[in-house]
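The structure appears right after this line, and notes come after that.
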Amino acid sequence: MFPSVNEQMDVIRDGAIEVLPEDELVRKIENSIKNNKPLNIKLGADPSRPDLHIGHAVVLHKLRQFQDLGHKAILIIGDFTAMIGDPTGKSKTRPQSTLEETRINGQSYLEQATIILKRENLEVVYNSDWLGKMSFSDVIQLAARYTVAQLLERDDFSKRFKSGIPISVHELLYPLAQAMDSAQIKADVELGGTDQKFNLIVGREIQKAYGIEPQCIVTMPLLEGTDGVEKMSKSLDNYIALTDSPREMFGKVMSIPDTIITRYMRYAAFFPDNQVKAVEKGLADGTVHPRNAKVETAMKIVELYHSKQAAEAAFEEFERIFKNKELPDEIEEMQVEADNAEMGLMDLLVATGLAPSKKEAKRLIEQGGVLVDQNKTDDPFQRIQLSNKRLVKVGKRKFLYVVAK
RNA sequence: GGGCAGGUACCGAAGUGGUCAACCGGGGCAGACUGUAAAUCUGCUGGGCUCCGCCCUACGGAGGUUCGAAUCCUUCCCUGCCCA
């Protein structure tokens, strides 16, 4: 049995940026309840970048909420569209991938997505199944339903167009391909980040053109990356992967700027609204220490993807290393080849991968970023005895025991 | 097909024959400080070496001119704009 319309709408609106058209969605839900028939909730997945991070989790979490309401989640692995490469946000044409690559990536995507999604009420489909079968004349028919002016309404297209950055024709086709997916699976609702709004709306238009009841759309905010400015993405290396270790996850959350703490509370840790508001107020009037708010958020996030124990361990370790400047409880050990069990410090850093080149190693040493057995060294030509294991620390968080082979 | 403007390090962007491994900004890294891997401030940011100096590689690709080229010439590739 489905919850009431109002209950459902409350859940759907929670955290969403836009739900439109709302009245249409209400009607769809009413019908769904009346006929005891779940709605088709669509989410398109881009398998060209299969490493999911907590930014993706925002929208996956919303899909999960739909599942919990009893609706059917349809995850479309865009193996075909990945060959086009959605130009979203990027000002340059993306590299295209082969179908094979994207198939493999799609599998990996699915595994990660089911960390959040339930396996029941979940259907997974690959859009190459239908897009790959379209003939050129099918494509022309599809393309005839939309105009260049309409496509140029899309913000990034028009920006690129105005500033003379190339747009290839196949990129223009991307929103249409995605819209075709909506028609194919008869989506009732499509989810996406705010950057997807345009594509989602095109889906409505194309569904109408093919005589299908148009979908409603729900857009979710784009979570900022750990730098606090750019949206989270792998290419900017400001992301927290769903599969990051507890320690990494905790540390990365602690490194976000204070200004986005409550964003993370809401969209990454999924704290309830009243709790987020309370912290917001506390931060503003100084009764809540930003560091503590961050710790709480970091713990919750680690707990979500690992466990409560893991979260506590990560917290303790963090305190130990950064607050008390002590050693982590587990330090890797590495053996290196060394003549007479002795080696120059620069060579040592390169041999262990702690520095990418000798020049870089030299810089690190001269800047005081390298400690051997907790003693600062500033001589890059220093010889290091390695018959016993030595502790090498580079920067604030790289620790390694090194010993001669 | 024709005309014009461009292609510089991770990104943006200077430089238009030697003083250029290339100004500056962003990013990244390190240090100081701290409340954290926040904020702020400072420094560094192609590689190698017998390391206060020397040697390689690098300014879209390939040739060439020159004692010497990111800078000049030829050609090829790529992009934008205008015309057809």
Side-chain angles (χ1 to χ4, degrees), chain A residues 87 89-95 157-169 171 224-240 244-265 279 282-283 286-299 301-302 311 314-328 344-347 349-351 353-372 375-383 392-399:
Chain A
K90 290 285 155 205
S91 51
K92 275 187 194 158
T93 302
R94 274 211 203 167
F157 281 151
S158 64
K159 271 193 193 134
R160 280 165 66 180
F161 189 67
K162 277 180 200 141
S163 54
I165 297 164
I167 305 170
S168 302
V169 174
E171 294 183 83
E224 294 83 0
T226 51
D227 56 35
V229 181
E230 300 291 337
K231 81 171 190 185
M232 185 173 288
S233 85
K234 197 190 179 197
S235 46
L236 292 171
D237 197 27
N238 61 0
Y239 68 104
I240 301 176
D244 271 346
S245 68
R247 192 172 147 179
E248 271 177 297
M249 247 183 207
F250 193 94
K252 284 182 183 175
V253 177
M254 291 304 285
S255 81
I256 64 172
D258 293 354
T259 46
I260 58 166
I261 294 173
T262 50
R263 300 265 302 165
Y264 268 56
M265 288 189 75
V279 171
L283 287 173
T287 53
V288 171
H289 197 297
R291 183 182 172 275
N292 295 338
K294 260 202 246 183
V295 167
E296 206 183 334
T297 308
M299 298 266 292
I301 291 172
V302 176
F315 168 64
E316 278 162 29
E317 173 127 327
F318 188 87
E319 290 279 289
R320 186 161 56 230
I321 299 175
F322 297 108
K323 208 170 167 189
N324 309 329
K325 301 215 169 19
E326 289 168 20
L327 300 178
L345 185 51
M346 280 192 293
D347 292 308
L349 294 186
V350 175
L354 290 168
S357 70
K358 291 183 81 167
K359 265 276 203 287
E360 180 72 31
K362 190 179 177 189
R363 266 179 235 125
L364 285 167
I365 296 162
E366 284 173 346
Q367 287 178 134
V370 177
L371 305 191
V372 176
N375 298 312
K376 196 163 275 192
T377 43
D378 53 10
D379 173 16
F381 295 97
Q382 188 181 338
R383 308 291 297 177
V392 183
K393 183 185 180 196
V394 175
K396 284 185 182 113
R397 51 202 160 112
K398 286 187 204 156
F399 298 85

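Letters A, B, ... mirror the listed sequences (proteins, then strands); counts begin at 1.
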If only atom types and distance count, is the side chain of A/Y264 paired as donor or acceptor with the main-chain N or O of A/E224 below 3.5 Å? yes
CE on A/M346 to CD1 on A/I365, rounded to 0.5 Å: 6.5 Å
Can you tell me how far the OH atom of A/Y239 sits from the CG atom of A/D227, to the nearest 0.5 Å? 13.5 Å
Output one letter per nucleotide in nucleotides 29-41 of chain B: B when a protein non-hydrogen atom lies under 4.0 Å from the base, S when only the sugar-phosphate is that close, - when neither is. SSSS-BBBBB---
Can you tell me, in whole Å, how much space there is between the C1' of B/A21 and that of B/C33? 33 Å
Please evaluate the base of B/G48 for a donor-acceptor partner in the side chain of A/K359 within a cut-off of under 3.5 Å? yes
Determine the Euclidean distance between corresponding C1' atoms of B/G46 and B/A39; express it in Å to zero decimal places. 32 Å
Which residues pass the side-chain contact (heavy atoms from CB on, under 4.5 Å) test with A/N292, not counting sequence neighbours? A/H289
Expressed as a whole number of Å, how far does the C1' atom of B/G26 sit from that of B/C73? 37 Å
As an exercise, state the distance from CG of A/D258 to NZ of A/K294, rounded to the nearest 0.5 Å. 5.0 Å
Indicate yes or no for a side-chain donor-acceptor contact from A/E360 to the backbone of A/S357 under 3.5 Å, with no hydrogens or angles considered. no
Taking B/C76 as the reference, what is the distance to B/G3 when you measure between their P atoms (whole Å, please)? 13 Å
Rounding to a whole Å, what distance do you find between A/I165:CD1 and B/U79:C1'? 11 Å
Distance from A/M232 atom CE to A/K252 atom NZ, nearest 0.5 Å? 8.5 Å
Looking only at heavy atoms, which two atoms of A/A293 and A/V279 are closest? And how far apart? CB-CG1, 4.0 Å
Can you establish whether the number of heavy atoms outside A/D379 located under 6.0 Å from its atom CG is more than 12? yes
Taking atom C1' in both B/A70 and B/U57, compute the distance separating them and give it to the nearest angstrom. 14 Å
Taking atom C1' in both B/C10 and B/G27, what distance in whole Å separates the two? 7 Å
Dot-bracket notation for RNA chain B, counting Watson-Crick and G-U pairs under 3.5 Å, with | for partners on another strand: ((((((((.[[[..)..(.....]]]((((((.......))))))((((...))))...[[[[[..)....]]]]]))))))).
Rounded distance in Å between the P positions of B/C52 and B/A58: 26 Å
If you take atom types as modelled and just measure distance, does the side chain of A/K362 reach the base of B/C51 with a donor-acceptor pair under 3.5 Å? yes
Suppose you measure atom P in B/C4 against the same atom in B/G12; what distance do you get, rounded to whole Å? 27 Å
